[in-house]
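Because the structure is a prediction, the values reported are computed rather than measured.
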Amino acid sequence: MLNPIDTAAVIQAGGATGRFPDEIHPAVAWWMATCFVVTARAHRIVVAYDGQPATAPFFDRMCLGAINAQHYACHVLDLGNADVKTLLAAMKEADGVPGMRVTTTGDTATLTLYDRYGAPLTEDTGLSLIRIMIAEDRVPIPVNSGCKGRIQPYAEVIQ
């Protein structure tokens, strides 16, 4: 694994949090997203971020990771800049799909993963498996180009 992280320290409490670039970096968002799609068996997710310039690279990698998860061909619904309340409402409106949101405060990035019911992921609902997959360098990749998902603005899909 290029640029490994301390998974036990970074991946906890609903997702991943750390100082960048020391503890966390944009590739972590890719790893978290692709592992999340696979563990949640998600063919569709809603994603958002806080609109901060420092967050944009994490958000971009998160979206790319989600569409490159094994055979899931995940359809990523991009909310863009949205708060948690808006993300949770969009997840529900999109027929109860999982979601992800990334934020930055100062030099700390936080990627939060939400299950289909809008609850942050816990150890028992997939976070521990995601941590193991990343720690053991078992981050999923697409099985072929036909299995790659797509990113689309939320407003174009959900009317």
Under 3.5 Å, side chain of Thr39 to main-chain N/O of Cys35, donor-acceptor pair present? yes
May I have all residue pairs that pass side chain to side chain donor-acceptor pair (under 3.5 Å) and include part of residues 140-150, sequence neighbours excluded?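 Side chain to side chain donor-acceptor pair (under 3.5 Å) check on residues 140-150 returns His75-Arg150.
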Contacts of [X] that satisfy side-chain hydrogen bond (donor to acceptor under 3.5 Å, both in side chains) - sequence neighbours left out:
{"X": "Ser128", "value": "none"}
{"X": "Thr103", "value": "none"}
{"X": "Thr104", "value": "Thr55"}
{"X": "Arg19", "value": "Glu23"}

Write out all pairs satisfying salt bridge (Lys or Arg N to Asp or Glu O under 4.0 Å) with one or both partners inside [range], taking only residues at least two apart or from two chains.
{"range": "residues 30-55", "answer": "none"}
{"range": "residues 112-124", "answer": "Glu123-Arg131"}
{"range": "residues 70-85", "answer": "none"}

May I ask you to test the [X]-[Y] pair for a side-chain heavy-atom distance under 4.5 Å?
{"X": "Met62", "Y": "Tyr49", "answer": "no"}
{"X": "Leu121", "Y": "Ile130", "answer": "yes"}
{"X": "Ile5", "Y": "Trp31", "answer": "yes"}

Would you compute the distance between atom [atom1] of [X] and atom [atom2] of [Y] and round it to the nearest 0.5 angstrom?
{"X": "Met32", "Y": "Arg61", "atom1": "CE", "atom2": "CZ", "result": "15.5 Å"}
{"X": "Lys92", "Y": "Tyr117", "atom1": "NZ", "atom2": "OH", "result": "13.0 Å"}
{"X": "Thr7", "Y": "Glu136", "atom1": "OG1", "atom2": "CD", "result": "9.0 Å"}
{"X": "Asn81", "Y": "Thr86", "atom1": "CG", "atom2": "OG1", "result": "9.0 Å"}
{"X": "Tyr154", "Y": "Met91", "atom1": "OH", "atom2": "CE", "result": "10.5 Å"}

Side-chain polar contacts of residues 63-72 - donor-acceptor pairs under 3.5 angstrom, sequence neighbours left out - could you list them?
unit_1	atom_1	unit_2	atom_2	d
Asn68	ND2	Leu64	O	2.8

Result block: side-chain N/O donor-acceptor pairs under 3.5 angstrom for residues 105-114, not counting sequence neighbours:
unit_1	atom_1	unit_2	atom_2	d
Thr110	OG1	Thr17	OG1	3.4

Of all residues at least two apart in sequence or in a different chain, which pass the side-chain contact (heavy atoms from CB on, under 4.5 Å) check with Asp60? none
Residues in side-chain contact (heavy atoms from CB on, under 4.5 Å) with Ala40, at least two apart? Phe36, Ala42, Pro98
